[in-house]
Amino acid sequence: MTLRIWGFLLITFCCLLSFSSPAALENDLEKRDDNLPARVPYVFPPPGTDPIADAIRARRTNGTLLDLDGVLLNAPLIAQGEDILFGVIRDNNTLPPAMRELFILRIAVLNNATYEWLQHESVGRMAGLTTEQLLAIRLAPPFFASQGVNLTSILGPDLVAAMTFTDWITKNVHVPDDVFNALRPFLNDSQLVEATATAAGYSFISRFVVALNVDAKMDVPVPIPS
């Protein structure tokens, strides 16, 4: 996508900016699945019958298993390991919340993981990402900076550095020194490890939900924020 076309799309969709109330965002957090079939059956043990499923419920916002959890629970030890790992990556890191959600949402865009985007768009808004910023995350081409797309006025230098890092680690794996070093002014060493773990971890999630067609979202385009 050329810079001119991307700019036109961004301006067009910015005209659609709307305010979401806290109550509406809370409702979005409570209902994020359509419960459509995946490539394996969902496993939802009743509460109190499965300690692994109950541990996952305890970590979820409203105590309800997601379709992702139902797929994972076909392999209980995988589900348990995922819950422990992402209990740290998602819930117990020290990254700025907006940056954490940018990592996750940008990976969803790059890997066309619509399920991941739908799970985290409302979380991103709660973390402080604006509709304009979500549009930039959604519409900017991969390696946007090298194509002359300057998003600093929308994202700020910290989130631009984070998104550039996300593009490289997701699409290229090898992250150049200048890209990694651009994050250093905004994160300490511990947070740099957390950022890398978050990007790598949610790359796994994106591939998992697409390959297993969780909630039948494999062929659904990532939505345009509004």
Margin query: Let's go through V220 and Y115 carefully: what are the C-alpha distance in whole Å and the side-chain angles of both, what is the deciding distance for side-chain contact (heavy atoms from CB on, under 4.5 Å) to 0.1 Å, and is it a yes or a no?
Written below: CA-CA 9 Å; V220 176; Y115 182 84; over 6 Å; no
Check: Checking side-chain contact (heavy atoms from CB on, under 4.5 Å) for the pair I224/L139: CA distance, chi angles, key distance, verdict?
Finding: CA-CA 8 Å; I224 305 294; L139 295 174; 3.7 Å; yes
[X] to [Y] - nearest heavy-atom pair and separation:
X	Y	result
V109	I137	CG2-O, 3.8 Å
L110	T166	CD1-O, 4.0 Å
P96	L187	CD-CD2, 4.0 Å
A182	A161	O-CB, 3.6 Å
D50	A53	OD1-N, 2.9 Å
T114	P221	OG1-C, 3.2 Å

Next item on the list: Compute the centroid of each ring, for W168 and then for F180, and state whether the two points are separated by less than 6.0 Å.
Entry: no
Are [X] and [Y] grouped together when hydrophobic residues (ILVMFWY) are joined by side-chain heavy atoms under 4.5 angstrom apart?
X	Y	result
L159	F143	yes
L105	I205	no
F103	V209	no
I169	W117	yes
L36	V40	no

Margin query: One pair to check against side-chain contact (heavy atoms from CB on, under 4.5 Å): L134 and R125. What are the steps and the verdict?
Written below: CA-CA 8 Å; L134 289 167; R125 292 182 187 275; 3.5 Å; yes
Notebook entry, point to check: Is there a side-chain contact (heavy atoms from CB on, under 4.5 Å) between E116 and N111 once you walk through the steps?
Noted result: CA-CA 10 Å; E116 185 169 283; N111 290 339; over 6 Å; no
Margin query: salt bridge (charged side-chain N to carboxylate O under 4.0 Å, His left out) for D69 and R60? Distances and angles first, verdict last.
Written below: CA-CA 10 Å; D69 303 323; R60 293 304 182 196; 2.6 Å; yes
Next item on the list: Anything under 30° is parallel, anything over 60° is perpendicular, the rest tilted; go ahead and classify F204 against F208.
Entry: tilted
Next item on the list: Considering only NZ, NE, NH1 and NH2 on the basic side and carboxylate oxygens on the acidic side, decide whether K217 and D34 come within less than 4.0 Å.
Entry: yes
Note to self: Does any part of the side chain of Y42, heavy atoms only, come nearer than 4.5 Å to the side chain of N35, both counted from C-beta?
What the structure shows: no
Next item on the list: Return yes if a side-chain donor-acceptor contact under 3.5 Å exists between T198 and R90, otherwise no.
Entry: no
Note to self: Keeping N213 on the side-chain end and M218 on the backbone end, is there a donor-acceptor pair under 3.5 Å?
What the structure shows: yes
Next item on the list: Count the heavy atoms of every other residue, nucleotide or ligand shown that sit under 6.0 Å from CD1 of I78, and state whether that count exceeds 12.
Entry: no
